[in-house]
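Structure record follows, encoded as structure tokens.
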Amino acid sequence: MTSSNTNATDEQPDAVTEQIIRRETHSSRAIPATIAAAIIGLFCLYVLLETTLKALGQDPWLASPEEAGQWLADLPGNVEPLMLGAASTLLLFVGVVFLALAVVPGRRARHSIPNSRAAVVVDAEVIASSLARSARTVAGVTPEQTMVTVGRDLVEVQLRPTSGTPVDREAIRTVLEEELRRTSMTPVPEVRVVISSSGVIGQ
Amino acid sequence: MNQTPRALNRVLVGVLGAVLALVGGTGLLLALMPSLHGWWNGFTEDTGQVLDNIFASTTLEGQRDSWLWIGIALSMIVLTILAIAWVSAQGKGRIGTLASEFSEEPVPGGITLSAAVAEQALKAALLERRDIVNATVSTWEFRGQPALKIRVHPRQGVGPYVVAEDVVALVTALDQSLGQRPPVLVSIGAGARTRFTRAERVR
């Protein structure tokens, strides 16, 4: 492949790479969509049954469309207020949950690493376990004594030192920042190291 | 990477959420505020009048019920089929062909490159490594062209940037041997197998 050819194809995949990264770092809403489709489908099937019985002049199964309409019109009077309130609250809650799922961005706990050839995404858990290994190597503690959480703009390290062995907070921070720089996460998160005051005995 | 209709998912989930929230909210208001009963009765009476007129005007001579019921039943069938189609559109897009080219010169004929070529080559190269627990490679149609998805599960504590660089190096080698440059997604993740296997301590 000639160099001019490489440059020409480099421009085009970049937009595609951006799209792939966006799709991989955001939820697809496939599960809420499936649940919504099931609700809509079951409702439609029930209405289909009742209207078909009505169109054929047969007796209704649960309630004919007219009866259902009349029941709705009589509403507050013909149901226990407590039952109506509870059922309505449930419907309202489910509706608000679906609305929220549709509106909020739905970011997944994943980060992208810039790369010229491929779209690279990393689960936050993998970054966390890599940072935890660096932190415990510097501090000289066991895996059980470190816990790292990786957020979008904050990396928090919680460390319980071995009793009697001092831990250098700044050294840990420097090593983790270097590791994050090599990972080239964007935006670069802030590093917070929390060293608990009580130590662990017998490690 | 798949062809899940994400925008459609969000729109339809949002519409269902809005409808459910509206119904639930109306019911809750009726249960809580007796002053609204008069408004509700007037509203349902007017609506019932309008519906009665529509059904009366669509009832043919000598028939007991309106033909509109048949129309409603048919539209419910269509809606149910659309709901099923919506569910089956989730997660589609896996393909078995990486590239195919047809040419009339020098002799008419075509070359088809199965996706298994790239998938097996990359998988075999990745599973040789000690620091990778598992790797899966699959081919998907993305924006009208084949794209490779490489999912890698590194051992706990392995730096994701190291894995990313090595996988991309393999992809570059594959580009050169195949003469194709498909879009590539490298997804580095953690799974049950990485959590329960030992962290790698010697590299």
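None of these values were measured; they are calculated from a predicted model. Reminder, nothing fancy here: chain letters follow the sequence lines and each chain counts from 1. Every heavy atom of this structure was used, including side-chain atoms; hydrogens, water molecules and symmetry mates were not.
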Would you mind checking which part of [X] comes under 4.5 Å of any heavy atom in chain B, side chain (CB onward), backbone (N, CA, C, O), both or neither?
{"X": "Thr137(A)", "answer": "neither"}
{"X": "Ala30(A)", "answer": "both"}
{"X": "Val103(A)", "answer": "backbone"}
{"X": "Val148(A)", "answer": "neither"}

Based on non-hydrogen pairs under 4.5 Å, which of [options] is most in contact with chain A?
{"options": "Ser66(B), Pro5(B), Ala31(B)", "value": "Ala31(B)"}
{"options": "Ala73(B), Gly91(B), Gly48(B), Ala83(B)", "value": "Ala73(B)"}
{"options": "Arg151(B), Gln176(B), Glu165(B), His153(B)", "value": "Arg151(B)"}

With a 4.5 Å cut-off on heavy-atom pairs, point out which of [options] contacts chain B the most.
{"options": "Val121(A), Thr34(A), Ile127(A)", "answer": "Val121(A)"}
{"options": "Ala86(A), Ala38(A), Ser129(A), Ala119(A)", "answer": "Ala119(A)"}
{"options": "Met83(A), Gln19(A), Glu66(A), Glu24(A)", "answer": "Gln19(A)"}
{"options": "Pro81(A), Ala124(A), Ala87(A), Pro105(A)", "answer": "Pro105(A)"}
{"options": "Ser184(A), Ala36(A), Ala102(A), Gly85(A)", "answer": "Ala102(A)"}
{"options": "Asp123(A), Leu91(A), Val96(A)", "answer": "Asp123(A)"}

Counting distance only, does the side-chain N/O of [X] pair as donor-acceptor with the main-chain N or O of [Y] below 3.5 Å?
{"X": "Arg110(A)", "Y": "Gly189(B)", "answer": "no"}
{"X": "Arg23(A)", "Y": "Asn2(B)", "answer": "yes"}
{"X": "Asn115(A)", "Y": "Ala164(B)", "answer": "no"}

Toward chain A, the part of Pro182(B) with a non-hydrogen atom under 4.5 Å = both
Interchain contact, Leu185(B) with chain A, by part (heavy-atom threshold 4.5 Å) | both
Quick one: list whatever passes side-chain contact (heavy atoms from CB on, under 4.5 Å) with Gln158(A), sequence neighbours left out.
-> Met147(A), Glu156(A), Val194(A)
Evaluate the criterion side chain to side chain contact (heavy atoms under 4.5 Å, CB included) for residue pair Leu79(B) and Ile40(A); output intermediate values, then yes/no.
-> CA-CA 8 Å; Leu79(B) 275 178; Ile40(A) 295 172; 5.5 Å; no
Closest non-hydrogen atom pair, [X] against [Y]:
{"X": "Ala33(A)", "Y": "Gln90(B)", "result": "CB-NE2, 3.8 Å"}
{"X": "Ala37(A)", "Y": "Val87(B)", "result": "CB-CG2, 3.3 Å"}
{"X": "Val158(B)", "Y": "Val126(A)", "result": "O-CG1, 4.3 Å"}
{"X": "Gly17(B)", "Y": "Leu99(A)", "result": "C-CG, 3.9 Å"}

So do the side chains of Pro32(A) and Asn9(B) get within less than 4.5 Å of each other, counting heavy atoms only?
-> no
Side chain to side chain contact (heavy atoms under 4.5 Å, CB included) between Gln145(B) and Val16(A), worked out | CA-CA 10 Å; Gln145(B) 56 180 331; Val16(A) 175; 3.9 Å; yes
Residues, nucleotides or ligands: over 12 heavy atoms within 6.0 Å of [X] [atom1]:
{"X": "Arg22(A)", "atom1": "CZ", "result": "no"}
{"X": "Ile31(A)", "atom1": "CD1", "result": "no"}
{"X": "Ile111(B)", "atom1": "CD1", "result": "no"}
{"X": "Trp61(A)", "atom1": "CH2", "result": "no"}
{"X": "Glu101(B)", "atom1": "CD", "result": "no"}
{"X": "Phe43(A)", "atom1": "CZ", "result": "no"}

Measuring from [X]:[atom1] to [Y]:[atom2], what's the distance to the nearest 0.5 Å?
{"X": "Ser130(A)", "Y": "Ile188(B)", "atom1": "OG", "atom2": "CD1", "answer": "10.5 Å"}
{"X": "Trp71(A)", "Y": "Thr44(B)", "atom1": "CH2", "atom2": "OG1", "answer": "12.5 Å"}
{"X": "Arg6(B)", "Y": "Ser27(A)", "atom1": "CZ", "atom2": "OG", "answer": "7.0 Å"}
{"X": "Ser88(A)", "Y": "Leu30(B)", "atom1": "OG", "atom2": "CG", "answer": "7.5 Å"}
{"X": "Phe142(B)", "Y": "Ile20(A)", "atom1": "CZ", "atom2": "CD1", "answer": "5.0 Å"}

Let me see the working for Asp175(B) and Arg117(A) under side chain to side chain contact (heavy atoms under 4.5 Å, CB included), right down to the final yes or no.
-> CA-CA 10 Å; Asp175(B) 285 346; Arg117(A) 172 65 185 93; 2.6 Å; yes
Tell me the residues of residues 20-28 of chain B whose non-hydrogen atoms fall below 4.5 Å from those of chain A, in number order.
-> Leu20(B), Ala21(B), Val23(B), Gly24(B), Gly25(B), Gly27(B), Leu28(B)
Which residues, numbered in order, of residues 46-57 of chain A come under 4.5 angstrom of chain B by heavy-atom distance?
-> Val47(A), Leu48(A), Thr51(A), Thr52(A), Lys54(A), Ala55(A), Gly57(A)
Sort by residue number and list every member of residues 167-183 of chain A having a non-hydrogen atom under 4.5 Å from chain B.
-> Glu179(A), Arg182(A), Thr183(A)
